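First comes the structure, then the notes that go with it.
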Amino acid sequence: MDRASFYEQVYQVVRLIPKGRVTSYGAIASYLGTKGSSRMVGYAMNGAGTISPKVPAHRVVNRNGLLTGKFHFSSLTAMQDLLEKEGIKVSDDKISDFKTHFWDPAIELDLER
DNA sequence: ATGTTGACTTGGA
DNA sequence: GTCCAAGCCAACA
């Protein structure tokens, strides 16, 4: 784990996000122990499509459940479309029932450990 | 080593 | 409820 850079750690956590679930950058950052680096979580996603395997960055949104990173996708509707395909309703670039679909690594992953 | 940047978060008005 | 400002940490030039 220590060998993995902060970016790699973020990638792994995001990859563990179950289908139909979403989480926030702060939740991942907090799980990694660096809550203050919430921005880095999103910034790390810059390589989401350049690394392997691909990271489901569309499942990661800001604390408001708003698709803030959709501008970084191929298309502005790509992120929303992917979420809808997974059963998540998105309206006005914002996830409906965000709290219901929320997936907290600090809790979900901690249970398996 | 220093400075800038950033797909965020939180707190105050 | 909304809007503005500051803080935080890691990677990159």
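Since we're looking at a predicted model, the values are computed, not measured. FYI, side chains are in, hydrogens and waters are out, and symmetry mates aren't considered; it's all heavy atoms of this structure.
Remark: the backbone N or O of A/Glu8 is not paired with any side-chain donor or acceptor of A/Ser5 at under 3.5 angstrom. Using a distance-only test at 3.5 Å, with no hydrogens or angles considered, a donor-acceptor pair links the side chain of A/Tyr11 to the main chain of A/Ala44.
For A/His58 and A/Gln80, the side-chain atoms include no donor-acceptor pair closer than 3.5 Å.
For C/dC3, the paired nucleotide is B/dG12, the pair qualifying as Watson-Crick or G-U wobble because both relevant distances are below 3.5 Å.
Across the protein-nucleic acid pair, A/Phe6 atom CZ and B/dA7 atom C1' stand 13 Å apart, rounded to whole Å. One can place OH of A/Tyr31 at 19 Å from C1' of C/dC9, the figure rounded to the nearest angstrom. Atom pair A/Leu67:CG and B/dC8:P shows a separation of 12 Å (rounding to whole Å applied). Rounded to whole angstrom, the span from the CG atom of A/Leu82 across to the P atom of B/dA7 amounts to 19 Å. One can place CG of A/Asn46 at 17 Å from P of C/dA10, the figure rounded to the nearest angstrom. Here C/dG7 presents its P atom at 22 Å from OH of A/Tyr43, a figure rounded to the nearest Å. For A/Leu32 and C/dC8, the CG to P distance is 19 Å, given to the nearest whole Å. Atom C1' of nucleotide B/dC8 and atom NE2 of A/His72 are separated by 12 Å, given to the nearest angstrom.
Minimum atom distance to the side chain of A/Asn62 is reached by B/dT9, of the listed C/dC9, B/dT9, B/dA7. Of the candidates B/dT10, B/dA7, C/dA10, the closest approach to any side-chain atom of A/Lys35 belongs to B/dT10. Between B/dA7, B/dT9, B/dG6, one nucleotide has an atom nearer to the side chain of A/Met40 than all others, and that is B/dG6. Checked against C/dA11, B/dT10, B/dA7, the side chain of A/Tyr7 finds its nearest nucleotide in C/dA11.
Under 4.0 angstrom from either OP1 or OP2 of B/dC8 there lies no side-chain N or O belonging to A/Ser24.
No hydrogens or angles were tested; on distance alone, nothing pairs the side chain of A/Ser37 with the base of C/dC9 as donor and acceptor under 3.5 Å. Side-chain to base pairing of A/Arg39 with C/dC8: one donor and one acceptor N or O lie within less than 3.5 Å of each other.
For the residue pair A/Val55 and A/Ile51, the shortest heavy atom distance occurs at CG2-CD1, 3.4 Å.
Ranked by how close their nearest DNA chain C nucleotide is to the 5' end, A/Ser38 and A/Thr34 are led by A/Ser38.
Counting non-hydrogen atoms under 4.0 angstrom, A/Ala57 reaches a base of the nucleic acid.
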* Can you check salt bridge (Lys or Arg N to Asp or Glu O under 4.0 Å) on A/Arg21 and A/Glu108, steps first, answer last? -> CA-CA 12 Å; A/Arg21 297 280 182 169; A/Glu108 304 294 326; over 6 Å; no
